[in-house]
Amino acid sequence: MNSDEVFEIKRTWEIPAASPTESGVAILIQFFTKYPSNLQKFSTFKDMTLDELKDNPRFKAHANRIMKVFDDSVQALDDDYSQLEEIWIKVAQSHFNRQIEKQSFNELKEVILEVLAAACNLNDQQTEIWIKLMDFIYDIIFKTIDELEQDA
Ligand code: HEM
């Protein structure tokens, strides 16, 4: 990514980053509303309604953890991409162990972009830049999943 693109990512990220729990909860609620089967992967939440989830402290903590991964990634854009790789290989490995499939990752990606676009009121150019970053991150995730599948 060039420095203009990094600047746009950082500038737009400030909006959801200002209220990480709220933003993370918005992403996850939208994820489970649109793609409910993903909720079944969460053993602690799977029998709760979305309304109950919104106020559940563990759910909020989980929403925050996801936001932290993105926050670390946005900070890492200033450096070479080795840090970004390190962050997302770890996510791919821990989720591979939980049998989270590429389709679920793609569903979440779509929702993240939707929530970001609405929260930040992204214009077309900013949307393209976010898609570029998400594609880059997802290349790392999917490559790691492929390698782990081959080793299995
Ligand atoms: C953008 C991609 C994602 C990020 C950044 C992310 C981040 C995280 C983090 C930081 C954790 C806790 C630490 C860990 O064990 O790794 C976690 C746990 C978890 N994630 Fe994800 N995740 C992502 C995608 C997904 C997807 C697509 C699913 C599909 C259902 C999922 C399901 C889970 C589950 C079931 C747990 C365990 C929760 C628990 O034990 O309470 N994640 N995730």
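All values derive from a computational prediction rather than experimental measurement. Both counts, for ligands and for their atoms, begin at 1 and track the order of listing.
- Comparing heavy-atom distances from atom 2 (C) of ligand 1 across Val111, Leu108, Ile87 singles out Leu108 as nearest.
- Crowding of Glu101 atom CD: a count of heavy atoms from other residues, nucleotides or ligands under 6.0 Å not exceeding 12.
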Could you give the side-chain donor-acceptor pairs of residues 25-41 under 3.5 Å, partners two or more places apart or in another chain?
from, atom 1, to, atom 2, distance (Å)
Gln30, NE2, Glu114, OE1, 3.1
Thr33, OG1, Ile29, O, 2.6
Lys34, NZ, Glu110, OE2, 2.7
Lys34, NZ, Glu114, OE1, 3.3
Lys34, NZ, Glu114, OE2, 2.5
Tyr35, OH, Glu110, OE1, 2.9
Tyr35, OH, Glu110, OE2, 2.9
Asn38, OD1, Ser104, OG, 2.6
Asn38, ND2, Tyr35, O, 3.2
Asn38, ND2, Glu107, OE1, 2.9
Lys41, NZ, Gln99, O, 2.9

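- For ligand 1 and Lys41, the ligand atoms under 4.0 Å from any heavy atom of the residue are 30 (C), 35 (C).
- Checking His62 against atom 21 (Fe) of ligand 1, every N/O/S atom stays at or beyond the 2.8 Å cut-off.
- Closest approach of Leu148 to Ala92, counting heavy atoms only: CD1-O, 4.4 Å.
- Aromatic ring pairs are classed by plane angle as parallel below 30°, tilted from 30° to 60° and perpendicular above 60°; the pair Phe70 and Trp13 is tilted.
- Across Lys68, His95, Lys109, heavy-atom proximity to atom 20 (N) of ligand 1 is greatest for His95.
- Shown in contact with Phe70 at under 4.0 Å from a heavy atom are these atoms of ligand 1, numbered in order with element: 1 (C).
- Among protein heavy atoms, atom 27 (C) of ligand 1 sits closest to Ser104 O, 3.5 Å.
- At least one heavy atom of Trp88 sits closer than 4.0 Å to an atom of ligand 1.
- Under a cut-off of 6.0 angstrom, the local environment of CD in Gln103 is sparse, with at most 12 non-hydrogen atoms contributed by other residues, nucleotides or ligands.
- In summary, the atoms of ligand 1 found under 4.0 Å from a heavy atom of Phe105, numbered by their order in the structure, are 2 (C), 24 (C), 27 (C).
- Nearest protein neighbour of atom 34 (C) of ligand 1, counting heavy atoms only, is Phe42 CE2, 3.4 Å.
- Looking at Phe59 against ligand 1, nothing comes within 4.0 Å, counting heavy atoms.
- The minimum heavy-atom distance between Gln126 and Asn121, with the atom names listed, is OE1-O, 4.2 Å.
- Scanning all heavy atoms of the two residues, the minimum distance from Phe59 to Leu53 falls at CD2-O, 3.1 Å.
- Using a 4.5 Å heavy-atom threshold, the side chains of Phe45 and Asn56 count as touching.
- Of the N and O atoms on the side chains of Ser82 and Asp80, at least one donor lies less than 3.5 Å from an acceptor on the other residue.
- The option from Ile100, Val91, Ile137 that lies nearest to atom 26 (C) of ligand 1, judged by heavy atoms, is Ile100.
- Of all protein heavy atoms, the one lying nearest to atom 16 (O) of ligand 1 is Ser94 OG, 2.8 Å.
- Taking only non-hydrogen atoms, the option from Glu107, Arg98, Arg65, Lys102 nearest to atom 37 (C) of ligand 1 is Arg98.
- Contacts between Arg58 and ligand 1 below 4.0 angstrom, taking non-hydrogen atoms only, involve the side chain exclusively.
- Listed by number with element, the atoms of ligand 1 under 4.0 angstrom from any heavy atom of Val69 are 5 (C), 10 (C).
- More than 12 non-hydrogen atoms from other residues, nucleotides or ligands lie less than 6.0 angstrom from CG of Asp78.
- For ligand 1 and Ile66, the ligand atoms under 4.0 Å from any heavy atom of the residue are 6 (C), 7 (C).
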